[in-house]
Amino acid sequence: MQNRLQTPNDMPLLAERIRREGRSLEGGILKVDSFLNHQIDPLLMMELAREFVRRFEGTPIDKVLTIESSGIAPATMTGWLLRVPVVFAKKRRPSTMGEAYETEIFSFTKNCTYPVCISREFLQPGERILFIDDFLANGNAAFGILDLVRQAGATLQGIGILIEKSFQPGGTRLREAGIRIESLATI
Ligand code: G4P
């Protein structure tokens with residue numbers, strides 16, 4: 001994988017793993033199944049979480065949110081360090097779920113729209129939220145989460161991303177919307 005370090009903010013540990021193990025697929029897809037999207041390296045995830053905690057130090061966070069499935073590992077490590085609960089938005093509404101906040105997200109990568117929901121029980125008005133996800137591509141997942149957070153009357157304090165794809169417009173769209181994003185590697 002020809003990964004160029006694009007910002008001084010890139011975390012060398014993650015950039016090096018991407019360089020070593022990442023495979024560049026057709027359509028601008030980066031395959032990182034050996035440590036993130038299939039097999040998970042918990043030691044790496046913990047180091048990434050430590051970096052999120054360092055970067056968001058001084059920002060009050062009541063809860064970490066992510067979307068199933070690949071964001072769950074880094075989000076859980078971050079929640080563990082911050083001592084706050086971690087909630088993952090579900091892509092299918094379970095029959096057991098009571099009242100929920102719901103939205104729809106369009107995935108360019110998969111060319112389909114999918115619903116996501118969070119039980120009202122686990123996203124409360126006034127909560128200060130950190131959203132963590134594995135990739136930032138077009139930003140639709142993040143805007144979907146922002147919609148759920150606003151429906152609940154909570155506040156999005158920032159977004160922590162493992163790998164931001166600078167050749168797709170998500171980062172620009174979100175920053176233009178005034179949202180703070182901390183990306184640990186940029187490709
Ligand atoms: P967006 O949210 O930024 O708009 O991204 P998009 O819809 O294009 O991405 C949809 C899914 O594809 C997301 O995962 C996202 O993490 C993943 N994705 C985007 N670009 C890449 C890439 O270059 N490599 C890999 N491995 N994944 C990418 P998802 O459908 O929610 O799946 P998962 O979290 O269950 O793995």
Side-chain angles (χ1 to χ4, degrees), residues 1-7 9-11 14-15 17-19 21-40 44-45 48 52 55 64-76 78 86-94 100-118 123 129-152 154 156-187:
M1 170 72 196
Q2 290 302 311
N3 171 52
R4 207 155 45 90
L5 278 183
Q6 293 202 336
T7 75
N9 266 346
D10 280 338
M11 196 180 162
L14 178 57
R17 284 297 285 271
I18 295 170
R19 241 192 316 267
E21 298 173 29
R23 295 286 169 272
S24 190
L25 306 183
E26 228 175 278
I29 297 291
L30 171 64
K31 187 171 178 190
V32 281
D33 278 12
S34 61
F35 62 86
L36 176 59
N37 293 125
H38 196 2
Q39 175 171 263
I40 293 168
L44 177 66
M45 292 303 128
L48 303 183
F52 283 136
R55 292 191 189 192
V64 176
L65 282 195
T66 188
I67 302 190
E68 61 180 348
S69 57
S70 297
I72 294 177
T76 303
T78 307
V86 178
V87 174
F88 60 94
K90 298 202 176 207
K91 289 181 177 163
R92 201 176 50 83
R93 186 172 177 157
Y101 300 108
E102 292 183 69
T103 193
E104 294 216 316
I105 293 176
F106 176 72
S107 168
F108 282 97
T109 307
K110 295 178 179 166
N111 194 25
C112 66
T113 297
Y114 58 94
V116 288
C117 61
I118 295 179
L123 187 53
I129 303 298
L130 174 62
F131 172 56
I132 300 279
D133 211 356
D134 56 344
F135 278 91
L136 174 59
N138 293 290
N140 291 333
F143 277 110
I145 284 290
L146 180 61
D147 182 17
L148 296 177
V149 166
R150 284 185 173 154
Q151 286 181 42
L156 185 65
Q157 297 283 67
I159 298 180
I161 294 291
L162 269 50
I163 304 173
E164 178 173 343
K165 299 166 80 179
S166 61
F167 52 93
Q168 291 184 250
T172 303
R173 289 175 65 207
L174 288 159
R175 289 184 181 97
E176 279 176 1
I179 296 165
R180 176 177 175 197
I181 307 172
E182 292 290 342
S183 299
L184 302 187
T186 308
I187 58 169

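Here the structure is a predicted model, which is why all the values come from computation and not from measurement.
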Any donor and acceptor pair, going by atom type alone, linking the side chain of [X] with main-chain N or O of [Y] inside 3.5 Å?
| X | Y | result |
| --- | --- | --- |
| Ser183 | Thr186 | no |
| Asp134 | Ser70 | no |
| Gln168 | Ala137 | no |
| Arg173 | Asn138 | yes |

Heavy atoms of other groups near Lys91 NZ, more than 12 under 6.0 Å: yes

Arg175: partners by salt bridge (Lys or Arg N to Asp or Glu O under 4.0 Å), with sequence neighbours left out: Glu164

Contacts of Phe106 that satisfy ring-ring contact (aromatic ring centres under 6.0 Å, His included) - sequence neighbours left out: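 Phe108.
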
Interatomic spacing from CD1 in Ile67 to OH in Tyr114 - rounded to 0.5 Å: 5.0 Å

Among Arg23, Glu21, Gln39, side-chain hydrogen bond (donor to acceptor under 3.5 Å, both in side chains) partner for Ser34: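 The side-chain hydrogen bond (donor to acceptor under 3.5 Å, both in side chains) with Ser34 is passed solely by Glu21 among Arg23, Glu21, Gln39.
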
Under 3.5 Å side-chain donor-acceptor pair for Thr113 and Glu104: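 There is no such pair (donor and acceptor under 3.5 Å, judged by atom type) between the side chains of Thr113 and Glu104.
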
Lys90/Glu68 salt bridge by N-O under 4.0 Å criterion: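 A salt bridge is absent here (no side-chain N lies under 4.0 Å from a carboxylate O).
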
Close side-chain approach of Ile132 and Leu65, heavy atoms under 4.5 Å: no

4.5 Å side-chain heavy-atom contact, Arg17 and Leu44: yes

